[in-house]
Structure formats: structure tokens, C-alpha cells
Chemist: 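Can you keep this structure in mind? I'll have questions shortly.
Values below: every heavy atom of this structure, side chains too, minus hydrogens, waters and symmetry copies. Here the structure is a predicted model, which is why all the values come from computation and not from measurement.
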Amino acid sequence: QVQLVESGGGLVQAGGSLRLSCAVSGRTSSNYAMGWFRQAPGKEREFVAAIRWSSSTIYADAVEGRFTISRDNAKNTVYLQMNSLKPEDTANYYCAHGTLLAAIPNAYDDWGQGTRVTVSS
């Protein structure tokens with residue numbers, strides 16, 4: 001089993017930046033993929049970004065060019081650098097572990113508890 005712990009959320013003004021972290025522990029798959037998803041109140045969980053063990057990445061159109069996903073294998077940590085934040089980025093952000101580089105929640109097997117990001121206008 002894989003354990004994921006997110007951190008780095010908080011309150012920021014529009015145009016500001018935050019960096020989310022996801023600490024990974026446990027038995028990860030050799031060809032793992034890590035994803036970031038978000039869920040705003042009253043809305044479905046939506047894809048943000050994902051990275052594969054090979055460092056291939058995919059992004060949602062809504063965050064392309066503003067967010068960057070990366071990983072530090074030595075620290076077993078995945079990051080989501082969020083720049084030029086907008087009020088519509090306000091949501092709970094979740095990291096997820098799986099084996100496919102995919103933009104759908106069902107492709108991921110393990111999830112963190114989430115970290116809250118609030119962007120004020």
C-alpha cells in the first residue's frame with residue numbers, strides 16, 4: 001500500500017503562487033505515475049496534472065502554462081508549482097498514485113487526504 005501526504009496549501013491573493021508537496025511512502029509500483037486533482041465545493045473532482053516515472057507530463061488546459069508538476073526521487077516527493085493563481089483555482093487539491101499517466105481519477109489507486117487552496121480576488 002502507498003501512503004500520500006499533501007502539504008503546502010493556504011490562502012493566497014490572485015496572481016500569487018503556491019507550491020504543493022506530496023510525500024510518498026510505501027510500496028510504489030516500478031512504473032508509477034503521480035497525479036494532482038482538485039475538487040471545489042459542489043463540483044466533481046477534476047484533473048490538474050500528472051507525471052510518470054519517465055518524467056513525461058500532462059496538464060489540464062485550465063492550468064497549462066501556469067502550473068508545473070515535478071518530482072524529486074531522492075525525497076520521494078512530488079510537487080505542484082502553481083503560479084498566476086486565479087480565484088477559480090480555489091479547491092481541495094489531492095495527489096494520487098497509479099501506474100498510468102492519465103487524466104481520470106479511476107486510473108489512480110491511492111489518494112492523499114488533500115490540502116486546501118484558497119485564492120482571493
Chemist: Without placing hydrogens or testing angles, list every side-chain donor-acceptor pair under 3.5 Å for residues 113-121, not counting sequence neighbours.
Modeler:
from: Gln113; atom 1: NE2; to: Glu6; atom 2: O; distance (Å): 3.4
from: Gln113; atom 1: NE2; to: Glu6; atom 2: OE1; distance (Å): 3.4
from: Thr115; atom 1: OG1; to: Gly9; atom 2: N; distance (Å): 3.1

Chemist: Which side-chain N or O atoms in residues 71-79 pair as donor and acceptor under 3.5 Å with protein atoms at least two apart or in another chain?
Modeler:
from: Arg71; atom 1: NE; to: Arg52; atom 2: O; distance (Å): 3.4
from: Arg71; atom 1: NH1; to: Asn73; atom 2: OD1; distance (Å): 2.4
from: Arg71; atom 1: NH2; to: Trp53; atom 2: O; distance (Å): 2.1
from: Arg71; atom 1: NH2; to: Ser55; atom 2: OG; distance (Å): 3.2
from: Asp72; atom 1: OD1; to: Ala74; atom 2: N; distance (Å): 3.0
from: Asp72; atom 1: OD1; to: Lys75; atom 2: N; distance (Å): 3.2
from: Asn73; atom 1: OD1; to: Tyr32; atom 2: OH; distance (Å): 3.2
from: Thr77; atom 1: OG1; to: Lys75; atom 2: O; distance (Å): 2.8

Chemist: Hey, what do you get for CD (Glu46) to CD (Gln39), rounding to the nearest 0.5 Å?
Modeler: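 Here the rounded value is 9.5 Å.
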
Chemist: Rounded to the nearest 0.5 Å, what separates atom CG in Asn106 from atom CZ in Arg45?
Modeler: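 Answer for the CG-CZ pair, Asn106 versus Arg45, is 11.0 Å.
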
Chemist: Determine, stepwise, if the pair Met82 / Val63 fulfils side-chain contact (heavy atoms from CB on, under 4.5 Å).
Modeler: CA-CA 8 Å; Met82 306 186 295; Val63 306; over 6 Å; no

Chemist: Is the distance from the ring center of Phe67 to that of Trp36 below 6.0 Å?
Modeler: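 No, they do not, as the ring centres are separated by 6.0 Å or more.
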
Chemist: Please check: side-chain N/O of Tyr59 versus main-chain N/O of Arg66, any donor-acceptor pairing under 3.5 Å?
Modeler: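 Between the backbone of Arg66 and the side chain of Tyr59 there is no qualifying donor-acceptor contact (under 3.5 Å).
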
Chemist: Within this structure, what is the CD1-CZ distance for the pair Ile104 and Phe37, rounded to the nearest 0.5 Å?
Modeler: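 With rounding to 0.5 Å, CD1 (Ile104) is 8.0 Å from CZ (Phe37).
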
Chemist: What is the distance from atom CD1 of Ile69 to atom CE of Met34, rounded to the nearest 0.5 Å?
Modeler: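 So the gap between those two atoms works out to 7.5 Å.
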
Chemist: Quick check on the hydrophobic clustering: are Val12 and Leu20 connected, directly or via other members, by side-chain heavy-atom contacts under 4.5 Å?
Modeler: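 Yes.
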
Chemist: Calculate, to the nearest 0.5 Å, the distance between atoms CD and OG belonging to Gln1 and Ser25 respectively.
Modeler: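 The CD atom of Gln1 sits 9.5 Å away from the OG atom of Ser25.
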
Chemist: Is any side-chain heavy atom of Val2 closer than 4.5 Å to a side-chain heavy atom of Asp109?
Modeler: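 No, too far: nothing below the 4.5 Å cut-off.
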
Chemist: Please report the shortest heavy-atom distance between Asn83 and Ser17, naming the atom on each side.
Modeler: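 Distance-wise, the nearest heavy atoms are OD1-OG, 2.9 Å.
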
Chemist: According to a 4.5 Å side-chain heavy-atom criterion applied to Ile, Leu, Val, Met, Phe, Trp and Tyr, with indirect links allowed, do Val24 and Leu80 form part of one hydrophobic cluster?
Modeler: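 Same cluster: Val24 reaches Leu80 through Ile, Leu, Val, Met, Phe, Trp or Tyr contacts under 4.5 Å.
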
Chemist: So which heavy atom on Ser70 is nearest to which on Ile51, and how close?
Modeler: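 Ser70 and Ile51 have their closest heavy atoms at CA-CD1, 4.0 Å.
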
Chemist: Would you name the heavy atoms of Tyr108 and Ala50 that are closest together and state the gap between them?
Modeler: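 Result for this residue pair: OH-CB, 3.4 Å.
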
Chemist: Please report the closest heavy-atom contact between Ala62 and Arg38, naming both atoms and the distance.
Modeler: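 In terms of heavy atoms, the two residues are closest at CB-NH2, 4.1 Å.
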
Chemist: Between Tyr94 and Gly112, which heavy-atom pair has the shortest distance, and what is it?
Modeler: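 Taking every non-hydrogen atom into account, CD2-O, 3.6 Å.
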
